[in-house]
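Here the structure comes first, spelled out in structure tokens, and everything after it is commentary.
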Amino acid sequence: MLDQLARQVEALLVASESPVTLERICELTGCGTESAEQAVQRIEMELASGGHAVVVARLAGGFRIVTDPDLGYIVAQLFEGKRHSRLSRASLETLAVIAYRQPATRAQIEAVRGVNSDSAMRTLLERDMIKIAGRQETPGRPLLYETTSRFLEYFGLSDLEHLPRMDEMESLLKLSADDIERMASELSGDESDQIL
Amino acid sequence: MLDQLARQVEALLVASESPVTLERICELTGCGTESAEQAVQRIEMELASGGHAVVVARLAGGFRIVTDPDLGYIVAQLFEGKRHSRLSRASLETLAVIAYRQPATRAQIEAVRGVNSDSAMRTLLERDMIKIAGRQETPGRPLLYETTSRFLEYFGLSDLEHLPRMDEMESLLKLSADDIERMASELSGDESDQIL
Amino acid sequence: MSADLQTACRINIQDFEGPLDLLLFLIRRDELDVTTIHVAEVADQYLDYIREAEELNLDIAGEYLVMAATLTRMKSRLLLPVERAIMEDYEDPMDSLMRHLVLYRAFKEVASELRESESIWRDVFTPPGERERYQESVTEVDQDQTSLLDLLLALENMSEKNAPPPEHRIRKPLLSLSECVAILDRTLSTDRQSKFIDAVGENADQAVVVSFFVAILELVKRGWLTAEQRYPFAEITIKRKEERWE
């Protein structure tokens, strides 16, 4: 049966996103180094005697509670299959332009975005979000692009008419520059906020 | 002492990034629904008898290992400055209306609250508590909103049936259904009957 | 009015989540029962409160004024026997207001229950998950996949970046009185007079019309403006009297 200090330490080791050093444990629980070390040992013993699926891993100068490598064959299944990462900001912008003015040529898209959109277009084609919809009958006969049914499915739309209209968008999106910055950084996925 | 099936289940609950449903547990471990349920119960008992810092929570239609709320004051220190602020009263009210009446249009929500709810809706969209759920097939085809599974997790709800006072709210909403529609259609402004 | 009371009033109106919230507060304060309240009683309390708040602070959102207009109309209907007879076939508007209050109160209570759950579950933390350990080439985590909102944000972001500012102004759903005054000030800066409908805009919704109307009454009271209406329901003409409004 774990004592209060060990419970505190266990909670830290379970919830932390990176290994927790002994110093940090002492700082956060207010105990001394030796007590912290002993608390970690008591946790290990208790986990072992209960036959639990997790162990205390000592990594990079700190501790973390992770699943027992023995059970890797079960856990790995959770992350199998093609789980696509989120669309990048460039891809989203490109997709938005195509969605609202389809069919569109590459030059039109780049005119709106103000930057070269080659790699975004390639990603969108690979991920089956857009497709070629013929050629424009103007000099050079550039290719035209439009969104696919996969696009609708991905965003949960039953048809293109269900795309929010521009005016609705404005009222949805009266965001400050700060908000947009923050959301953009969330979009780029550098923070994965695990807190409930 | 946990048996092999319970260990497998525990490993899944620890390693997953989101709640794991009973079906998924069965699929990944190859056991039946009843065995899976019993395994979850054995885990709960073993965690409690060992005095561990975590418990099994029923959230958003599945199971998840979470730290004991008693230890929140310790763990919160790990995430200082990175936590979201609490939702405002306006956001909570708006969220409550959407939760019981989903999918709901903005006009319906505002009709119930009697007040403009733009900024609350924006916050809720940004914080991934609600999402767009298509359009209503009525004149003007307004956007529909519904709650997300993040909403359930945030409030510790296992599913929508477990919203507080579900029966009472349902019968109240039924009683006021006509009023809400009438006020909503006034708000959405397709008939701008001018007073004065 | 004493300074203390002024402060109290100002704090209060901002504490309310709209006219229904304020009504519930007044009903509870006077220990009335939502299901048996008398319209005249409640209307008077409400109108008094709004008037006081107005004297202190012009910034009352349009919704509060719409409710004031509704209550006034309900009250005047009670006083008019003829209209009452005509209205016999119709539902008493008070019934629907009461139902609305009961409904809103229930949502308010649920919201505070959600607040309690929030404070419990904010203290609950989950393991970060082991995707990184088991999936090597993972760069970005895809919880709920990209949402429609992300798509819209991307579009919004672009127009912020390089498009010229949009031609049409974003419609503000409701105006505070001080905003109405500012708009009237602008409208009446070139032409010294204007029709009410032109100042307000032809497609203005009910709340906006009421906001402007109250703003005009306030300006008339201060002698900065005159308003003229030849007969009931005729056009209202407003004229500037004072050069500077401040």
Side-chain angles (χ1 to χ4, degrees), chain A residues 1-4 6-18 20 24 27-29 43 46-47 49-54 65-68 70-79 155-158 161-165 168 171-175 179 182-183 186 191-196, chain B residues 1-4 6-17 20 24 27-29 43 46-47 49-54 57 59 64-68 70-79 82-84 106 118-119 121-122 125-126 131-135 141-143 150 153-156:
Chain A
M1 186 86 179
L2 290 180
D3 55 293
Q4 186 61 5
R7 294 185 78 228
Q8 294 181 339
V9 176
E10 193 180 56
L12 291 171
L13 302 195
V14 166
S16 177
E17 284 164 27
S18 49
V20 190
R24 189 101 170 100
E27 184 194 329
L28 298 180
T29 61
I43 295 168
E46 191 68 49
L47 287 174
S49 74
H52 287 285
V54 293
I65 290 191
V66 295
T67 55
D68 190 329
D70 286 1
L71 292 158
Y73 69 101
I74 285 283
V75 174
Q77 301 176 93
L78 278 176
F79 308 110
F155 288 100
L157 299 163
S158 59
E161 274 182 55
H162 282 75
L163 265 179
R165 292 188 308 267
E168 289 169 332
S171 64
L172 270 176
L173 297 177
K174 279 178 287 176
L175 299 167
D179 291 333
R182 192 176 41 69
M183 300 199 65
E186 274 168 22
E191 70 161 82
S192 52
D193 184 356
Q194 292 290 340
I195 317 164
L196 278 180
Chain B
M1 186 85 180
L2 292 180
D3 55 292
Q4 187 59 8
R7 294 188 77 227
Q8 293 181 340
V9 175
E10 191 179 59
L12 290 173
L13 302 194
V14 168
S16 175
E17 296 160 321
V20 189
R24 189 104 170 96
E27 183 194 328
L28 297 180
T29 61
I43 295 168
E46 192 66 46
L47 287 173
S49 73
H52 286 285
V54 293
L59 288 173
R64 202 160 187 192
I65 296 256
V66 302
T67 58
D68 191 321
D70 290 356
L71 294 161
Y73 70 102
I74 287 285
V75 183
Q77 302 175 97
L78 283 176
F79 301 101
K82 284 198 266 176
R83 288 170 99 191
H84 276 302
R106 174 190 305 255
D118 272 1
S119 90
M121 305 262 303
R122 204 156 55 235
L125 281 163
E126 281 170 42
K131 61 179 188 222
I132 297 169
R135 284 182 188 283
R141 307 183 73 231
L143 291 173
R150 170 114 185 96
E153 280 202 60
Y154 186 83
F155 291 100

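Below, chain A is the first sequence line, B the second, and so on; all start at residue 1.
- Contact annotation for B:Ser49: only backbone heavy atoms (N, CA, C, O) come within less than 4.5 Å of a heavy atom of chain A.
- Here the closest heavy-atom approach between residue A:Arg7 and residue B:Ala53 is recorded as O-CB, 3.2 Å.
- Both the backbone and the side chain of B:Leu47 have a heavy atom closer than 4.5 Å to some heavy atom of chain A.
- The greatest number of non-hydrogen atom pairs below 4.5 Å with chain A, out of B:Ala6, B:Ala76, B:Gly51, is found for B:Gly51.
- For A:Val14, the part lying under 4.5 angstrom from a heavy atom of chain B is the side chain only.
- When all heavy atoms of A:Leu12 and B:Val75 are compared, the pair lying nearest together is CD2-CA, 4.1 Å.
- Of all the heavy atoms in B:Thr67 and A:Ala15, the pair that sits closest is CG2-CB, 4.2 Å.
- Contact annotation for B:Leu71: only side-chain heavy atoms (C-beta onward) come within less than 4.5 Å of a heavy atom of chain A.
- Heavy-atom distances place the side chain of B:Asp68, and not its backbone, under 4.5 Å from chain A.
- Between B:Glu126 atom CD and B:His84 atom NE2 the span is 9.5 Å, to the nearest 0.5 Å.
- Counting all heavy atoms, side chain and backbone alike, B:Leu28 lies closest to A:Ile74 at O-CD1, 3.6 Å.
- Residue with the most contacts toward chain B among A:Gln4, A:His52, A:Glu27, A:Glu10: A:His52 (heavy-atom pairs, distance under 4.5 Å).
- Of the two parts of B:Tyr73, only the side chain, counted from C-beta on, holds a non-hydrogen atom closer than 4.5 Å to a non-hydrogen atom of chain A.
- Contact record, B:Gly156 with B:Leu59: CA-CD2, 3.3 Å, taken as the closest heavy-atom pair.
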